[in-house]
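For reference, the structure is listed below as structure tokens.
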Amino acid sequence: MKKLLKKLILPALLLAGAIGLFATSPVFAEGENCVETSLFGTYCDDGTGSGIFFILEIILTVLTFGVGIAGTIGIVIAGIQYASARDNEQTIAKAKMRIFQIVIGMIIWATLYIALRWLLPNFGSSN
């Protein structure tokens, strides 16, 4: 039963939750194509192709939250590993290396985020 839960039921529930979180429904205003999302509000396309920037903004927002959550969880786990290591120098070295790698990953993500904002000038201002 545990294998079934891990392999089928839990991923199906996570997928259903993600679909419900980003579910869209069309909203028709005066001559405009609008989409109402449950998480990001209503977006109306003005015909200039700004819809792609809206989609990229959603993807970047989700990835930013995901990286932040993963980094926080990783730092907490490495901190617990470091605190419980006592006199075991090998475990202390592993915990320090994990914290170092997480910090480097966060710096890389911040650099990529800034580069995207700089390369795409209309990014984030389409709504």
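- Pairing each heavy atom of I77 with each of R98, the nearest pair is CG2-NH1, 3.3 Å.
- Of all heavy-atom pairs between A78 and A95, the closest is O-CB, 3.6 Å.
- A heavy-atom distance below 4.5 Å is found between the side chains of I107 and T111.
- With sequence neighbours excluded, the residues forming a side chain to side chain contact (heavy atoms under 4.5 Å, CB included) with I80 are V76, listed by chain and number.
- In plain terms, the two heavy atoms of G71 and I102 that are nearest each other are O-CG2, 3.9 Å.
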Inset, instruction - Begin from the C-alpha positions of T91 and Y82 and carry the test side chain to side chain contact (heavy atoms under 4.5 Å, CB included) through to its verdict. - result: CA-CA 7 Å; T91 307; Y82 183 81; over 6 Å; no

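- The minimum heavy-atom distance between M106 and V67, with the atom names listed, is SD-CG1, 3.7 Å.
- Put simply, I104 and L112 are part of the same group of oily side chains (I, L, V, M, F, W, Y) that touch within less than 4.5 Å, one to the next.
- Cluster annotation: I108 is connected to F100 through the hydrophobic network of ILVMFWY side chains, with a link wherever side-chain heavy atoms come within less than 4.5 Å.
- Applying the side chain to side chain contact (heavy atoms under 4.5 Å, CB included) rule to I114 yields no partners; only residues at least two apart in sequence or on another chain are considered.
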Inset, instruction - Quick one: do I92 and Q81 satisfy side chain to side chain contact (heavy atoms under 4.5 Å, CB included)? Show the steps, please. - result: CA-CA 8 Å; I92 291 172; Q81 183 182 13; over 6 Å; no

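- Q101 contributes atom CD, which lies 14.5 Å from atom NZ of K96 (distance to the nearest 0.5 angstrom).
- Of the residues T61, V62, L63, the one that meets the side-chain contact (heavy atoms from CB on, under 4.5 Å) test with I59 is L63.
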